[in-house]
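What's counted below: heavy atoms across the whole structure, side chains too, no hydrogens, waters or symmetry copies. In this chain, residues are counted from 1 in sequence order.
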Amino acid sequence: MTSTLPRDGSSLSPSCFLLVGLDPLDQVRIRPILQRLEAGGALLPDSLINRLEVIGILHSYGEVLDAYSRNLIFIADHQFLELFPAFKYFNGEITPGKWLRYLWHDRINYEFAEYCMKAMLWHGGGGLDAHLDTPEFIERAKAAIRAKIQFNPFLRGLGLFFPDFGLEQVRMLAMYSGLGQFWRVMSDLFLALAKRYETEPHLTITDVVAHVQQGLVDAADKPITYAPRIWGQRHEVIPQSVGLTFLPDTAIPYVEAVFFRSFPFMGTLSYNAQAGQIPEEQADFAYGALYADPLPVGSAGIPPTLLMQDMMRHLPPYLREHYRRSLRGEDDLRVKICLSFQKSMFCVTTAALRALAPFPLETQDPQQQLANREFLTPWLQRLVGSRLLTVQEV
């Protein structure tokens, strides 16, 4: 992350803050947001409507993440090197009723969870991604592979012709498990917020951010491990002794890969990479949840549509009633859900920034303020092109 302010802060005072690289108009637009952050607020302004939408949509998102996390962990633990995992979305419960609902598409779209997993695997970052290339991981992964294929001549033959195939699959399964463990924490966090809202109906956006921040801090050191079950026995592919933990190794890479970078939406436009319509560097990608245009949501083939569809099934009654009373009622429900979801993700982003900042953002110490602004500058520069300015309307 590049610094844009003098590190010693000797020649600058907080009042002459300037986001280097932004044009004057963006400077004017960003300044109130920065001032709100330093006053204890969030990237999203506080209002009755924003409170209702954010808390309601996080309630729905918590329910969906519960299903996503259970399925990702099931696939990682129980579908180890299954070449044709036809029932991977059944979580080990294959019944006629569930099969019929699946055919009728009356189910959670687990494909979106895999879409996010692939985004993390492709963009990389964090300790989990780095560990997947270490000799220790390769040795443990190959031991698990040998255990799996010992009775399968087809897989053994496949390994002879494509020696890295199995290893790449295990890397992917480890990412399945890592994202599943990350979402397990976030699901419990969001559902606890929804439960709290039942007895504290006057929660503000600041309260929501504080709730998420505390949850991130509490889970920061939670171990990230991976031990799939093979022929009835656990095989430690990523043991706790490796030292991978929740915040630096899954949460931050997730924000980078899914909130910021992600992929161009497939199904709406055809991109010409040779014409420069896609950035050459992955680090320059800006197709994440904070940047997405909500209008394409509702179109077939758009990955976020799957998430909006899933959240639509779990909307709390008060939020559905709010949407029903707004312009166009439920005709554009997925678009409304997407707008509320982006608002909520700016709250989660605020919580992450507050948790990572070198000092409390409300500090009155000039040197600490400068250090915080040095930390915030690159983040705010990236967010200028996102939906941040759009959601400022109260």
Side-chain angles (χ1 to χ4, degrees), residues 33 36-37 40-47 50-66 68-69 112-113 116 119-120 125-126 179 181-197 203-220 222 246-262 286-292 294 304 307-308 310-311 314 319 337-357 361 375-376 379-380 382-383 386-388 390-392:
I33 301 173
R36 188 167 64 238
L37 285 173
L43 291 168
L44 180 73
D46 187 31
S47 72
N50 283 344
R51 296 175 191 177
L52 185 146
E53 290 187 34
V54 166
I55 296 174
I57 210 66
L58 287 180
H59 182 175
S60 174
Y61 192 45
E63 298 281 1
V64 174
L65 289 189
D66 174 63
Y68 286 172
S69 66
F112 181 78
C116 293
M120 289 187 68
L179 179 56
Q181 293 172 69
F182 166 69
W183 271 345
R184 178 72 265 142
V185 172
M186 299 310 293
S187 171
D188 294 341
L189 184 59
F190 295 149
L191 293 179
L193 176 67
K195 189 70 175 177
R196 183 180 167 191
Y197 185 58
L203 287 176
T204 65
I205 292 297
T206 302
D207 294 329
V208 172
V209 170
H211 179 94
V212 176
Q213 181 184 353
Q214 188 60 48
L216 293 175
V217 171
D218 290 345
K222 182 179 176 63
F246 170 84
L247 187 63
D249 301 318
T250 58
I252 296 175
Y254 176 84
V255 169
E256 184 68 38
V258 178
F259 281 20
F260 285 91
R261 297 186 190 179
S262 194
Y287 301 100
L290 300 181
Y291 296 81
L307 175 61
M308 304 311 147
D310 290 337
M311 287 198 288
H314 296 282
L319 183 55
I337 291 173
C338 184
L339 290 166
S340 300
F341 179 71
Q342 288 182 321
K343 290 180 178 180
S344 71
M345 292 302 102
F346 280 115
C347 292
V348 176
T349 302
T350 304
L353 293 178
R354 293 181 62 85
L356 295 171
L361 294 185
F375 164 78
L376 288 172
W379 290 102
L380 292 175
R382 295 181 69 183
L383 287 172
S386 72
R387 303 281 300 176
L388 177 62
T390 306
V391 301
Q392 297 307 305

Query raised in the report: Where the side chain of Ser69 meets the backbone of Gln181, is there a donor-acceptor pair that is under 3.5 Å apart?
Result: no
Query raised in the report: Hey, mind stepping through Phe190 and Trp183 against ring pair (Phe, Tyr, Trp, His ring centres under 6.0 Å) and telling me if it holds?
Result: CA-CA 10 Å; Phe190 295 149; Trp183 271 345; over 10 Å; no
Query raised in the report: If every non-hydrogen atom of Tyr291 is compared with every non-hydrogen atom of Ala286, which pair is closest and at what distance?
Result: CB-O, 3.6 Å
Report summary line: Rounding to 0.5 Å, atoms CD1 (Ile57) and CE (Met345) come to a distance of 9.0 Å
Report summary line: d(Leu189 CG, Asp218 CG) to nearest 0.5 Å is 9.0 Å
**Report entry** Pairwise side-chain contact, Val348 with Phe259, heavy-atom cut-off 4.5 Å (strictly under)
**Finding:** yes
Query - Contact summary for Thr350 and Ala42, nearest pair of heavy atoms - result: CG2-CA, 3.7 Å
Requested in this report: Before giving the answer on side-chain contact (heavy atoms from CB on, under 4.5 Å), spell out for Tyr68 and Asp310 the whole-Å C-alpha distance, their side-chain angles and the decisive distance to 0.1 Å.
Outcome: CA-CA 10 Å; Tyr68 286 172; Asp310 290 337; 2.5 Å; yes
**Report entry** Residue pair Thr250 / Val185, side-chain heavy-atom distance below 4.5 Å
**Finding:** no
Query raised in the report: Between Val64 and Phe112, is a side-chain contact (heavy atoms from CB on, under 4.5 Å) present by the stated rule, with each step listed?
Result: CA-CA 11 Å; Val64 174; Phe112 181 78; over 6 Å; no
**Report entry** Test item: Met311 and Ser340 side chains (from C-beta on) under 4.5 Å apart, heavy atoms
**Finding:** no
Report summary line: Scanning both residues in full, the closest heavy-atom pair of Asn50 with Lys343 reads OD1-NZ, 2.9 Å
Requested in this report: Hey, could you give me the NZ/CG distance between Lys222 and Leu247, rounded to the nearest 0.5 Å?
Outcome: 13.5 Å
Query raised in the report: Hey, what's the ring geometry for Tyr61 with Phe341, parallel, tilted or perpendicular (30° and 60° as the breaks)?
Result: perpendicular
Report summary line: Value for CD1 (Ile337) from CG (Leu319), rounded to nearest 0.5 Å, stands at 7.5 Å
Query raised in the report: Looking at Ala289 and Gln342, what are the two nearest heavy atoms and their distance?
Result: O-NE2, 3.0 Å
Query raised in the report: What heavy-atom pair brings His59 and Ala194 nearest, and what distance separates the two atoms?
Result: CG-CB, 3.4 Å
Requested in this report: State, yes or no, whether a side-chain contact exists between Val212 and Cys347 at a heavy-atom distance under 4.5 Å.
Outcome: no
Requested in this report: Mind checking the CG-CE spacing from Leu65 to Met186? Nearest 0.5 Å is all I need.
Outcome: 8.0 Å
Query raised in the report: Shortest non-hydrogen contact from Phe346 to Ser386?
Result: CZ-OG, 3.6 Å
Report task. Calculate, to the nearest 0.5 Å, the distance between atoms CZ and OH belonging to Arg51 and Tyr197 respectively. Result -> 9.0 Å
Requested in this report: Give the intermediate values and the outcome of side-chain contact (heavy atoms from CB on, under 4.5 Å) for residues Ile33 and Leu383.
Outcome: CA-CA 11 Å; Ile33 301 173; Leu383 287 172; over 6 Å; no
Report task. Determine, stepwise, if the pair Gln392 / Leu44 fulfils side-chain contact (heavy atoms from CB on, under 4.5 Å). Result -> CA-CA 6 Å; Gln392 297 307 305; Leu44 180 73; 5.6 Å; no
